[in-house]
Engineer: 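Take a look at the following structure, please.
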Amino acid sequence: MEFVEVDHLWVNYGRLVAVRDLSFVIPEGEVFGFIGPNGAGKSTTIKVLATLLKPARGRTSVGGTNVALNPHAIRKHIGYMPDFFGVYEDLTVEEYLHFFAAAYRIGRNERKTIVGDVLELTDLKHKADASVEALSRGMKQRLGIARVLIHDPKLLLLDEPASGLDPRARIEIRELLKELKNLGKTILISSHILSELAELCTLIGIIEAGRMVAEGSLQDIYSQLDLKRIIHVQITDLTSDLMEKIGKLNGVASVERNVDRLVVRIREQDTSVEDLHDGICSLGARIHMFQPEAMDIETAFMKLTEGKTA
Amino acid sequence: MKLGSGFPLLLKDLAELANRRRTYVFRIIYALLVFAAFLVYYVPEVLNASLSPAILAGKGRNVAIVIFSVQLAAVFLFTPAIVSDAVTSEKEKLTLGLLFLTGLRPWEILLQKYFGRLVPIFSCLLLSLPLLALAYSLGGIARPVLLKGVAMLVLGCLFAGALALMASSFLMTSVQAFIWSYALLLAFALGLAAAVFLSDNLSGRPVDYVTPALWAAGGITVLSLAAARLAIVRRAFLRPANVLLRLFRRLDSLFSRLNNRFGGIVLLRDRSPMPEDAPVAWREVTRKSFGNFRYLFRLLVAIEVPVAFVVVFAIMADFHNSYLFLSGAILLLWAFAFLAVAVMSVGLFTSERSARTLEVLLSTPLPVADIVRQKTLAVRRVILVLAVPFVTVLAAQTHLRSCFFLFNASSSGIFSGWSAFPRFLFAVCAVFVYLYAVMWLSVWTGLRSASPARAVISVIVGVMVWNLLPFVAGVLALCLPGDPADAVIFSLLLSPAALVWMTGVAPPLENLNLPLVFGLSFNILLHVAAAFLFRFLCLKKADAYLRKP
């Protein structure tokens, strides 16, 4: 069932057209990664879904409810985290979450339990009484996610949730998002850290200059672009003859010899990584290392986009 | 050497100011003020001289003095607004540190900023040249008077600019610098008035205070620039802090310690520490300087105690001085209340915007009109607190007026028995109506503006224009055929300044008559309507203002 529908969306900032004729859908429970260069229209689209911007044309709906016509109804079902956001630094972590619990009209008796739960989930329980001002950037980001979860929304709109964070904080946020994915939330997430999106997202949309240039699962996008999976292989008794035989295996597109390894490119629609492993073994080779690369979303991104802005 | 290579910051600031609409708005208002003052003085003179134009001969000195006086007032009014964000804007954009990394030394940065802001003001001074030429052609004006006037204007610009630049170097935000620039200027004016008052009373004869004032202003200019130089580096990277709130919190902890030591009596218990059903209002009243009862009470004491001293002092003084003190107190209270309400109200939404918390708040299911209502709670409480010192001073003024009417049997009118009381009622009504109107106007401006400083300046300029327009209309009404007296009086009565003057400041020369009562009532009703209009716009249109792309 489609949970989020964006249908021929147009958004203008004065004379500037930020989003032009954008359409995509997100089924319930899926994680949709929104990729695009700066100024492509990602944040604008997310803001429209968050009821913060009115589109010039087109229809957007969440759970079958029209966003433009029923903004108040929509806000109860979405959790929005902007790319850059401030927090009320004059409050403590607990007060901050109680503030938003009251704003989301959560019953007074339930608030304490819910705030405790989201603090637990975001690993901020030990900071409950700390001033928001004193939190590190990574913790503020986690507090932002805690705030987004306070009313248990069905849809999370996360605009660059890991931007500007150090590697540890990024990994923590990524793990947190995986937990949210496991909780069955529908998530629309934009990010520049493409490898993280590849790990997390079930669907990807690549947007440039306000238009969608590719959409679907990663596998679909790779197939569309005819992208190959790269596998690094170290063979102890490598000969030119063996290398030639590997190149002739079913589904292998190319074999390249580097200083200490072979770089094998396969067409995944014809063969799998496991079949390649079996195939090399069947040739009598002794494998010292066999390392498939994560699917190369960066190559897809670079191939699909030209760095244009809206 | 090209100017740009030697003074890059000066040129950048001049180019920026030239691109701002605000610069031209200031210039137009400045020109309107000067030309309106000229018309107010000159048109009646011309009308008087219709029988014999020779009457105008030799009036040049008076015309020049009017032009210089109005220009000096305009310089003091506008210079702080233009200069006060010179350094704070760089701090807010985090570019001051980058300037320090260039070859520019702190003095160079400071002086280029200073003159970058003063050049447009000097250009405004040139606007009066045709009027001064006209004054010179009328005769009666000696060249030294003309030169002294020009020198006063230039020194006025340098002085007000230096004070504002010092505030800008010391403080972290443009709004703080803006308010403190005017506060310092006001402090100087009050100090000067006190010195004049004391020297007049001690010597028993009028003293020439212009020359000492000029020396004092010159000295303060130099000291302010030196202080700005000290502060620009030392205070470049401090974080903005709410000093008042910090002070209140220190007082809280001091009183708690004392309370624990001496018996633990609690007169007023804090309410639930967590928000209940109105979270925005909860934050406004628990986390801001003037929200909760304790802090409001402290504000009340801080204003009411000096006001009470003024009242006691005034009652003990002779009638003329009493009236002067109380009128001065009323004007000061108006200035303070207007500025406090305007700054607080403007900041309700601009602070959310600059702290980037607005989008998150707007994505909650709270209706925007509800957010606006909740946000104004603390300001509404402040207005109630501010009303108390107003009522104190106005009651004392009413008492003085009653005495005046009792001892002047010749006074007559419909309210002769309780003659001062209607003025008191009008004045108290004006306090609530005007302050609520200012609050809603400021909220409306804040909803539409991204910059707090720009919004505050817009409100001040808007209120000033609204106060002055009826006077300009009054002057224009003089040109109407027949007897324009009623039209002139009616025009003047539309101005809030006129009502404040008539009900709180003007000497009790005559009683209120019925037309005047109607005029004042119309003025109050007009401002009630204005307050409701801006309230309506804030509640109905806030969604559109805040969510516009």
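All values below were derived from every heavy atom in this structure, side-chain atoms included, with hydrogens, water molecules and symmetry-related copies excluded. Every chain is numbered from 1 and lettered A, B, ... according to where its sequence line falls, protein lines coming before strand lines.
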Engineer: Report yes if some heavy atom in the side chain of A:Tyr88 is under 4.5 Å from a heavy atom in the side chain of B:Leu361; otherwise report no.
Structural biologist: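 Counting from C-beta outward, A:Tyr88 and B:Leu361 do come under 4.5 Å.
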Engineer: Any salt bridge between B:Arg283 and A:Glu95, counting N to O under 4.0 Å?
Structural biologist: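 Result for this pair is no, no salt bridge flagged.
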Engineer: Give the minimum heavy-atom separation between A:Tyr104 and B:Ser363, together with the two atoms involved.
Structural biologist: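 For A:Tyr104 versus B:Ser363, the nearest heavy atoms are OH-O, 3.6 Å.
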Engineer: Determine whether more than 12 heavy atoms belonging to other residues, nucleotides or ligands lie under 6.0 Å from atom NZ of A:Lys125.
Structural biologist: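 Counting neighbours around NZ of A:Lys125, more than 12 heavy atoms of other residues, nucleotides or ligands fall under 6.0 Å, so yes.
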Engineer: With a 6.0 Å cut-off (strictly less than), is the heavy-atom count around NZ of A:Lys127, excluding the residue itself, greater than 12?
Structural biologist: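 Counting other residues, nucleotides and ligands, NZ of A:Lys127 stays at 12 neighbours or fewer.
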Engineer: Between A:Val148, A:Thr51, A:Ile74, A:Ile78, who has the most heavy-atom pairs with chain B when the cutoff is under 4.5 Å?
Structural biologist: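 Most heavy-atom pairs within the cutoff with chain B belong to A:Thr51.
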Engineer: Does a sphere of radius 6.0 Å around CZ in B:Arg20 hold more than 12 heavy atoms from other residues, nucleotides or ligands, not counting ones at 6.0 Å or beyond?
Structural biologist: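 Yes, because the 6.0 Å sphere around CZ of B:Arg20 holds more than 12 heavy atoms from other groups.
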Engineer: Heavy atoms, side chains only, cut-off 4.5 Å: are B:Leu362 and A:Tyr80 in contact?
Structural biologist: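 No, too far: nothing below the 4.5 Å cut-off.
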Engineer: So what's closer than 4.5 Å to chain B heavy atoms on A:Phe100: side chain, backbone, both or neither?
Structural biologist: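 A:Phe100 touches chain B through side-chain heavy atoms alone.
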Engineer: Could you check whether B:Asp277 pairs with A:Arg108 (Lys NZ or Arg NE/NH1/NH2 to Asp/Glu carboxylate O, under 4.0 Å)?
Structural biologist: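 Salt bridge flag = yes for A:Arg108 with B:Asp277.
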Engineer: To check you understand the geometry: which heavy-atom pair defines the closest contact between B:Pro365 and A:Ala103, and what is its length?
Structural biologist: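 Looks like CD-O, 3.6 Å.
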Engineer: Determine yes or no for a side-chain-to-main-chain donor-acceptor pair under 3.5 angstrom, with A:Arg111 supplying the side chain and B:Glu276 the backbone.
Structural biologist: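 Between the backbone of B:Glu276 and the side chain of A:Arg111 there is a qualifying donor-acceptor contact (under 3.5 Å).
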Engineer: More than 12 heavy atoms of other residues, nucleotides or ligands under 6.0 Å from NZ of A:Lys154: yes or no?
Structural biologist: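 Incorrect, the count does not exceed 12.
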Engineer: CD/A:Glu89 to OG1/B:Thr357 distance, rounded to the nearest 0.5 angstrom?
Structural biologist: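 Going from the CD atom of A:Glu89 to the OG1 atom of B:Thr357 covers 10.0 Å.
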Engineer: From B:Thr364 OG1 over to A:His72 NE2, what is the distance, rounded to the nearest 0.5 angstrom?
Structural biologist: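 Taking OG1 in B:Thr364 and NE2 in A:His72, the distance rounds to 10.0 Å.
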Engineer: Tell me the closest heavy-atom pair linking A:Arg105 and B:Asp370, and the distance in Å.
Structural biologist: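 Closest approach of A:Arg105 to B:Asp370, heavy atoms only: NH2-OD2, 3.5 Å.
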Engineer: Taking atom CZ as the centre, does B:Phe336 end up with more than 12 heavy-atom neighbours from other residues, nucleotides or ligands that are less than 6.0 angstrom away?
Structural biologist: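 No, CZ of B:Phe336 has 12 or fewer neighbouring heavy atoms, counting only those of other groups under 6.0 Å.
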Engineer: Are more than 12 heavy atoms, taken from residues, nucleotides or ligands other than B:Phe237, located less than 6.0 Å from that residue's CZ atom?
Structural biologist: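 Above 12, so yes.
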Engineer: Quick one: are A:Glu94 and B:Met274 in side-chain contact, heavy atoms under 4.5 Å?
Structural biologist: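 A side-chain contact exists here, since the closest heavy-atom pair is under 4.5 Å.
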Engineer: At a 4.5 Å cut-off on heavy atoms, which part of A:Val87 comes close to chain B: side chain, backbone, both, or neither?
Structural biologist: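 Backbone only.
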Engineer: I need the minimum non-hydrogen distance between B:Lys288 and A:Asp90, along with the two atoms involved.
Structural biologist: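 That would be CE-OD2, 4.4 Å.
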